[in-house]
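Letters go in sequence order (proteins before strands), and every chain restarts at 1. The basis for the numbers below is simple: all heavy atoms, side chains too, and nothing from hydrogens, waters or symmetry mates.
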Protein chains: 2
Amino acid sequence: MGGGDNALLPVAPVFLKSLRDHVYGLVRDAILSGRLKSGEKLNERHLAGQLGISTTPLKEALRVLEAEGLVRPEPRRGIYVTFNAGQAEEMMLARAAIESMIARQAAKRVKDEDVAVMRELIVEMRTGLETVDVLQFIALNERFHNVIHEASGCGYLRRLQGGQSIYTHAARLSVLSEERERFLAVEEHEAIANAIVDRDPDLAERLMRDHVIRSGEKHLVRVSQA
Amino acid sequence: MGGGDNALLPVAPVFLKSLRDHVYGLVRDAILSGRLKSGEKLNERHLAGQLGISTTPLKEALRVLEAEGLVRPEPRRGIYVTFNAGQAEEMMLARAAIESMIARQAAKRVKDEDVAVMRELIVEMRTGLETVDVLQFIALNERFHNVIHEASGCGYLRRLQGGQSIYTHAARLSVLSEERERFLAVEEHEAIANAIVDRDPDLAERLMRDHVIRSGEKHLVRVSQA
DNA sequence: GGTTTTAAATTGATATATCAAATTTCAGGT
DNA sequence: ACCTGAAATTTGATATATCAATTTAAAACC
């Protein structure tokens with residue numbers, strides 16, 4: 001049964017959201033971090049017992065993971081982890097595709113108040129290069145992407161992107177720990193902001209796509225080295 | 001409780017795949033076709049009873065629908081249908097984003113044997129304009145997109161696109177019933193094929209995106225009129 | 001000893017029961 | 001009549017039990 005016997009610890013008796021969402025996060029993180037390896041079979045009873053819960057919320061969590069493509073059910077046989085470097089890259093490409101579509105829509109629909117916020121954020125990020133720490137810089141980073149999401153008015157695309165992304169807070173932490181990456185991020189963000197402010201959907205889409213792919217490849221290289 | 005009392009009929013005692021997948025398809029189609037309206041609350045026990053099944057497979061199906069953004073759970077209150085014209089358009093945009101990313105990758109990785117198949121298919125589609133019926137034309141259409149998917153080598157993106165798409169066989173049937181649409185489809189497919197054959201990722205991506213959006217808008221207009 | 005057959009164990013799929021939060025109902029008070 | 005709050009009801013969340021397909025074990029047979 002592989003080396004996954006202690007890849008997951010029992011859930012604490014206190015949890016914020018519902019049990020199934022909590023478990024979903026646990027299993028998902030275990031897969032993405034490699035503690036549950038590709039090809040490994042997930043035994044529902046085992047896993048539920050290990051987590052100290054019943055199979056009902058676990059089954060729901062596994063269903064979502066299947067929809068996200070992290071596990072694959074063999075009919076009447078069981079559920080297997082399917083995640084490797086190639087899929088990680090494709091997930092990054094999916095994020096690039098969706099995020100750039102959002103940027104495109106934002107460039108079409110952006111309102112004057114959004115423009116003001118974006119300009120302000122760009123200034124903050126640029127000055128932040130020298131004044132704030134990495135965590136604060138990441139916060140600015142996420143606020144920037146959020147402003148674009150808001151401006152696009154695309155609630156569905158936004159949710160879709162959040163679900164399939166392997167970009168967690170931790171992943172950003174890894175890439176933006178390099179000073180050069182922080183500098184590049186500001187440069188690219190500024191170019192994207194300008195394209196949106198200029199109402200240039202084609203340019204905004206292209207710049208966003210290249211930005212996500214470039215920083216994404218950087219991240220993939222990092223995790224593959226570790 | 002809304003007009004949804006007979007929006008879903010009990011599942012037949014025989015079904016191909018698992019019960020949960022079957023139920024997932026039923027509920028999903030009911031939402032996309034409008035038989036289950038946006039804002040309607042889904043009562044798990046009611047719905048399970050109506051379908052003649054237990055709540056376990058239904059809960060799993062609802063979880064997948066949530067991941068796809070067709071229903072939204074209110075914490076500790078229930079699950080509500082969320083689907084409207086705006087979201088339908090965003091789903092189409094998501095398909096455009098992912099499909100165009102696939103086309104981009106295909107243009108990077110396409111092999112000579114793929115090129116041969118694509119050229120052949122283009123010829124078939126062009127002659128098919130005059131010789132085959134709509135169903136056969138749609139089959140050619142789907143084969144063309146499949147060849148691009150194969151050439152891209154992007155299994156994850158491909159699965160992702162299939163899951164979120166509202167483009168079913170029926171939707172294609174609607175759009176391609178117009179002769180002008182079939183003509184346009186061939187024109188656009190040929191341009192896309194040429195871009196991929198020429199190993200031009202930027203062009204392939206743009207043409208595919210525009211193709212999906214244009215025909216998608218066409219479909220959305222049609223369903224909104226009906 | 002090796003192959004086939006059959007019985008036991010495993011396990012995902014489904015059904016049912018229990019629990020607790022949230023809503024509704026209704027009695028009691030002003 | 002109109003609040004107020006407690007009891008009953010509803011219902012999603014969770015747990016447990018049952019079922020059937022699959023795999024494994026073992027026994028029977030050649």
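Comparing C:dT18, D:dT14, C:dA13 against the side chain of B:Arg45 picks out C:dT18 as the nearest.
The phosphate of D:dA15 (OP1 or OP2) has a side-chain N or O of A:Ser54 nearer than 4.0 angstrom. A:Arg20 has a side-chain polar atom (N or O) that falls below the 4.0 Å cut-off from OP1 or OP2 of D:dA13. The phosphate of C:dT14 has neither OP1 nor OP2 within less than 4.0 Å of any side-chain N or O from B:Thr56.
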Let me check something: any side-chain donor-acceptor pairs from residues 93-107 of chain B under 3.5 Å, sequence neighbours excluded? List them with distances.
residue: B:Arg95; atom: NH1; partner: B:Glu99; partner atom: OE1; Å: 2.8
residue: B:Glu99; atom: OE2; partner: B:His149; partner atom: NE2; Å: 2.3
residue: B:Ser100; atom: OG; partner: B:Ala96; partner atom: O; Å: 2.8
residue: B:Ser100; atom: OG; partner: B:Ala97; partner atom: O; Å: 2.9
residue: B:Arg104; atom: NE; partner: B:Glu205; partner atom: OE1; Å: 3.0
residue: B:Arg104; atom: NH2; partner: B:Asp202; partner atom: OD1; Å: 2.3
residue: B:Arg104; atom: NH2; partner: B:Glu205; partner atom: OE1; Å: 3.2

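The pair B:Glu181-B:Arg222 does not count as a salt bridge, with every side-chain nitrogen at least 4.0 angstrom from each carboxylate oxygen.
Between B:Tyr24 atom OH and C:dA13 atom P the separation is 17 Å, expressed in whole Å. What separates CG of A:Leu47 from C1' of C:dG12 is a distance of 13 Å, to the nearest Å. Between B:Asp21 atom CG and C:dA13 atom C1' the separation is 11 Å, expressed in whole Å. Between A:Arg72 atom CZ and C:dG12 atom P there is a gap of 15 Å when expressed in whole angstrom units. Rounded to a whole Å, the NZ atom of B:Lys41 is 12 Å from the P atom of D:dT10. Between the CG atom of A:Leu19 and the C1' atom of C:dC19 there is a distance of 13 Å, given to the nearest Å. One interatomic measurement links the two molecules: CD of B:Glu60 to C1' of C:dA13, which rounds to 8 Å at whole-angstrom precision. Rounded to an integer number of Å, the gap from CG of A:Leu58 to P of C:dA13 is 11 Å.
Take the nearest nucleotide of DNA chain D for B:Lys59 and for B:Asn43: the residue whose nucleotide is more 5' is B:Asn43. Between A:Ile79 and B:Thr55, the one whose closest nucleotide on DNA chain C sits nearer the 5' end is A:Ile79.
At a cut-off of 3.5 angstrom, counting only N and O atoms as typed in the model, there is no donor on one side facing an acceptor on the other between the side-chain of A:Ser18 and the base of D:dA13.
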Next on the checklist: Please evaluate residues B:Lys41 and B:Glu74 with respect to the criterion salt bridge (charged side-chain N to carboxylate O under 4.0 Å, His left out), reporting the C-alpha separation (whole Å), side-chain torsions for both, the decisive distance (0.1 Å), and the verdict.
Outcome noted: CA-CA 10 Å; B:Lys41 181 175 178 179; B:Glu74 294 285 334; over 6 Å; no
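When the salt bridge (charged side-chain N to carboxylate O under 4.0 Å, His left out) test is applied to B:Asp133, no partner is found at least two apart in sequence or on another chain.
Using cut-offs of 30° and 60° for the angle between ring planes, the B:His189 and B:Phe144 rings count as parallel.
Note on B:Leu42: only backbone sugar-phosphate atoms sit closer than 4.0 angstrom, heavy atoms only; bases stay farther off.
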